Amino acid sequence: MSTPEFVDVEGPMFVADPFDVEEPQVHAAWLPPEAFRSLGARRVLVHGDGPLVDTVLDEVARACARYGGRMWHSPSWDVDVDLVLTLRRADALPSSTAQAARAAGEAALIDDGRTLGDEGFLLARAGDVTVVLADAPAGLLYGLFHVVRLCAAAFDPARPPELHRPALRRRMLNHWDNVAVHPVMGQVERGYAGGSIFWRDGRPRGDLARLRAYGRLLAASGINAISVNNVNVARAEARLLTDRLGDVAEIADVLRLYGIRVHLSVTFAAPVALGGLSTADPADEAVRAWWAATTRAVYERIPDFGGYVVKADSEGQPGPFTYGRDHADGANLLAEALAPHGGVVHWRAFVYDHHQDWRDRSTDRARAAYDHFTPLDGRFRTNVVLQVKFGPVDFQVREPVSPVLAALPATRVAVEFQVTQEYTGQQRHICHLGPWWSEVLRFAPWGPGGRTIADVATGEKGEGGGLVAVANTGDDPFWTGHPLAQANLYTFGRLAWDPRLDPRAVLDEWMTLTFPPSATADPELVRRTLHEIMDDSWRTYERYTAPLGVGFMVHPGDHYGPDVDGYEYSRWGTYHFADRDGVGVDRSRASGTGFAGQYPPYWADVYESPERCPDELLLFFHHVSYTHVLHSGSTVIQHIYDTHFAGVEEVEAMRRRWQTLNGMIDPAVYVRVAERLDEQVRSAIEWRDQINTYFLRKSGVPDAHGRRIY
Ligand code: GCV
């Protein structure tokens, strides 16, 4: 028998550990050491080689060191183990228990008839052993995090085999981080969690330990791609593509350890701004050559570079319209440069007139993306992903699903969500967005029972554009400002891995990892209380803010807090048209902007009719009188009063419930959340009183229950 190559957990770790993520200066979020307790107490064999396998080894070694388990790597020694993490095609396993486990896994796989792919894994039991089988190292890493999620259940002898493959190939985060501090938007545009994880005052932040800890969290949620700078690309940020590419490479080197590919937001004007050309016209040969050469240089430095993200002809960003070209011409220009290297361009569909005249009732911002992009269907190269915000306006707490998502069958389409809570309480309010995203993903735009938005993102043969979300993270010690906002990031990653997951179950997973039962005196109380606070928090937020899908009513600029008429006479195209008789935007075909007609027939008909339109979207699609009776039986005006009073009561109840956790959980988390709940209560009262007062004054209709309105 040859020498055992096991890792003696009492001895030095054999995997180089340049960064100490064991004792981070930041909150451990959903990967506290306690979450690894079950895994770390076992005998674990890891079989396979490569950088991502090293990451798996590092994770397992760390857990075993803490909880008394043992780990072997590619052994030549026969040992009994509890868990085998192995590549399917790796060399024969000498350990007999491991061999048996792998054989059982293979058998289960054959029975299942599916393949594992680049990121999938199989978890199966063989006798006393749990096996994680993958075809590629990324699958082993995801399998490891699955074992962590399952805790002891991963070792349940009765557990049937399970095969996991991500439904979506690309599960991406967009950071709206500026390299240099922007005079208005600061370091992170719409960022509510401090500064950037990547940049500070014009330079890389250089905190590689933090970066690695971030990659680890993202991988454990399922995210595998990230763009590292704002889609609004200013001068300093533009240079990341050329002379500051080294800064990007440094980030890519760290995130690669967790299977995350780095993408870059670029400016369409780069050939002029950086290349010294006189034009950025997509039809110009010199422009095409510039993009080709620049992109080649990017891949020489970052071989697994993901691609470009582009916001063009939108809110002041340059784009192809300047040259009389359309967005297919623009996107294809960059796609052509990326294609030889396997990269993609995420081309955003957020194109609308942001200099609208509020007097003009015929222009409708909600129509814009459809009007611009549907004529281009079929013209985009295959490595263009059209990135579409989930709703037609802008990440509101309630909007219909964007009709663009159902209108380009010959285009790869990605759905864009906003994890950063720009319009949903800015990480000062608890607003768990999982149920909202899940509702969007399950929406069937061609009518009930038909294909869903998740199907569109997946694509019929897996060639869909995937899911993308704007990140909510920053250099805040809790990552997300509000500690409970971590759940939104985790949930986004999990839904991107499998859009069919039940958001409540995902929230439960997040709770169990973040507040490990073994670390609290009364785990059931903690879990129940968190569910009571978070499960319905999105609907609570909706109740005390803009009613019935009408949207906005936020303070202009910072978008926090109520200002009912703040945007009413502005150029931004977000109006509610409240007058003494009624409120809402007529988007019908019959008498309004015609937006309802952008949907396939089933929903076009439903939305067209004030009688059939779902209550929660009524004011998005129709201008109705205050006395219009909803499906709920209430009138519009009474609904406004009732929901605003109820919303505040619910937030007050959240605060009381949170107080019952004092002493049960990490005091720092407790205090941070308690402070933010005080602000949430204050802000919800402000919303209630401004909205109710505004509509009482407009309508003259008193509250049926005689409650105090000002
Ligand atoms: C990055 C909204 C936000 C902007 C953001 C824009 C976008 O308008 O308020 O800050 O810009 O969306 O998605 O590009």
Side-chain angles (χ1 to χ4, degrees), residues 351-375 389 391-394 396-407 443 445-448 546-553 564-640 691 694-695 697-701:
V351 178
Y352 71 100
D353 175 7
H354 70 293
H355 286 287
Q356 198 181 318
D357 182 349
W358 59 268
R359 299 166 191 84
D360 164 20
R361 296 281 277 252
S362 64
T363 305
D364 181 2
R365 172 169 166 177
R367 289 190 59 115
Y370 182 103
D371 288 342
H372 283 300
F373 285 95
T374 51
K389 289 191 182 187
V393 179
D394 200 9
Q396 298 301 289
V397 68
R398 181 72 75 170
E399 290 184 54
V401 170
S402 169
V404 178
L405 293 168
F443 179 73
W446 291 275
L548 297 166
V550 77
F552 277 80
M553 300 192 168
V564 181
D565 281 340
Y567 277 103
E568 198 56 16
Y569 307 103
S570 78
R571 61 187 165 93
W572 294 96
T574 53
Y575 314 117
H576 55 69
F577 300 124
D579 57 27
R580 66 178 185 174
D581 300 318
V583 56
V585 189
D586 185 353
R587 292 189 161 110
S588 68
R589 280 169 295 187
S591 52
T593 69
F595 168 75
Q598 293 186 338
Y599 288 85
Y602 177 87
W603 287 108
D605 290 349
V606 169
Y607 293 146
E608 178 72 11
S609 146
E611 282 69 43
R612 293 181 66 200
C613 184
D615 285 352
E616 67 274 13
L617 290 173
L618 183 65
L619 302 185
F620 191 94
F621 283 102
H622 297 281
H623 186 90
V624 296
S625 75
Y626 293 114
T627 51
H628 175 97
V629 180
L630 299 167
H631 297 118
S632 67
S634 185
T635 60
V636 165
I637 190 72
Q638 194 56 43
H639 172 93
I640 292 175
I691 297 268
Y694 180 93
F695 283 106
R697 289 179 185 177
K698 279 268 168 187
S699 71
V701 180

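Worth saying up front: this structure is predicted, and the values here are computed from it rather than measured.
The shortest side-chain heavy-atom distance between Pro400 and Pro392 falls under the 4.5 Å cut-off. Between Phe577 and Glu568 there is a side-chain heavy-atom pair separated by less than 4.5 Å. Using a 4.5 Å heavy-atom threshold, the side chains of Tyr352 and Trp572 count as touching. Side-chain contact between Arg365 and Thr574 is present, with heavy atoms from C-beta onward closer than 4.5 Å. With a 4.5 Å cut-off on side-chain heavy atoms, Gln638 and Val701 do not count as touching. With contacts defined as side-chain heavy-atom distances shorter than 4.5 Å, the pair Val606/Trp603 qualifies. Looking only at side-chain heavy atoms (C-beta outward), Val585 and Phe620 stay at 4.5 Å or farther from each other. When side chains are defined from C-beta on, Ser591 does not count as touching His623, because their heavy atoms never get closer than 4.5 Å.
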Full working for salt bridge (charged side-chain N to carboxylate O under 4.0 Å, His left out) between Arg589 and Asp605 | CA-CA 10 Å; Arg589 280 169 295 187; Asp605 290 349; 3.3 Å; yes
Check the pair Gln598 / Asp371 against side-chain contact (heavy atoms from CB on, under 4.5 Å), numbers first and verdict last.
-> CA-CA 9 Å; Gln598 293 186 338; Asp371 288 342; 3.3 Å; yes
What's the verdict on side-chain contact (heavy atoms from CB on, under 4.5 Å) for Val351 and Phe373, showing C-alpha distance, side-chain angles and the deciding distance?
-> CA-CA 9 Å; Val351 178; Phe373 285 95; 3.8 Å; yes
side-chain contact (heavy atoms from CB on, under 4.5 Å) between Leu405 and Phe443, worked out = CA-CA 11 Å; Leu405 293 168; Phe443 179 73; over 6 Å; no
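The minimum heavy-atom distance linking Val401 with Tyr599 is given by the pair O-OH, 2.6 Å. Residues Ala407 and Thr374 approach most closely at CB-CG2, 3.3 Å, considering heavy atoms. In plain terms, the two heavy atoms of Pro445 and Pro600 that are nearest each other are O-CG, 3.4 Å. Residues Thr593 and Arg367 come closest through the heavy atom pair O-NH1, 2.9 Å. Contact detail for Ser699 and Tyr626: the closest heavy-atom pair is CB-CD1, 3.4 Å. The heavy-atom pair separating Pro547 from Leu619 by the smallest distance is O-CD1, 3.8 Å.
One N or O on the side chain of Glu608 and one on the backbone of Ala590 form a donor-acceptor pair closer than 3.5 Å. Within the 3.5 Å criterion, the main-chain N or O of Asp565 finds no donor-acceptor partner in the side chain of Tyr567. Between the Glu399 side chain and the Val393 main chain, a donor and an acceptor come within less than 3.5 Å of each other. A donor-acceptor pair is defined here as one N or O able to donate and one able to accept, closer than 3.5 Å; no such pair exists between the side chain of Glu616 and the backbone of Arg398. A donor-acceptor pair is defined here as one N or O able to donate and one able to accept, closer than 3.5 Å; no such pair exists between the side chain of His354 and the backbone of Gly573.
Atom OG1 of residue Thr635 and atom CD1 of residue Ile640 lie 8.5 Å apart, to the nearest 0.5 angstrom. Atom OH in Tyr607 sits 12.5 Å away from atom CZ in Arg587 (nearest 0.5 Å). With rounding to the nearest 0.5 angstrom, the CD atom of Glu611 is 11.5 Å from the CG atom of Leu630. Taking CG of Asp615 as the reference point, atom CG of Leu548 lies at 7.0 Å (rounded to 0.5 Å). A distance of 11.0 Å separates CZ of Phe695 from NE2 of His639, quoted to the nearest 0.5 Å. With values rounded to the nearest 0.5 angstrom, Leu618 atom CG is found 8.0 Å from His631 atom NE2.
Side-chain polar atoms of Ser634 and Ser632 form no donor-acceptor pair below 3.5 angstrom.
Annotation: Arg571, atom CZ; neighbour count of heavy atoms from other residues, nucleotides and ligands within 6.0 Å is above 12.
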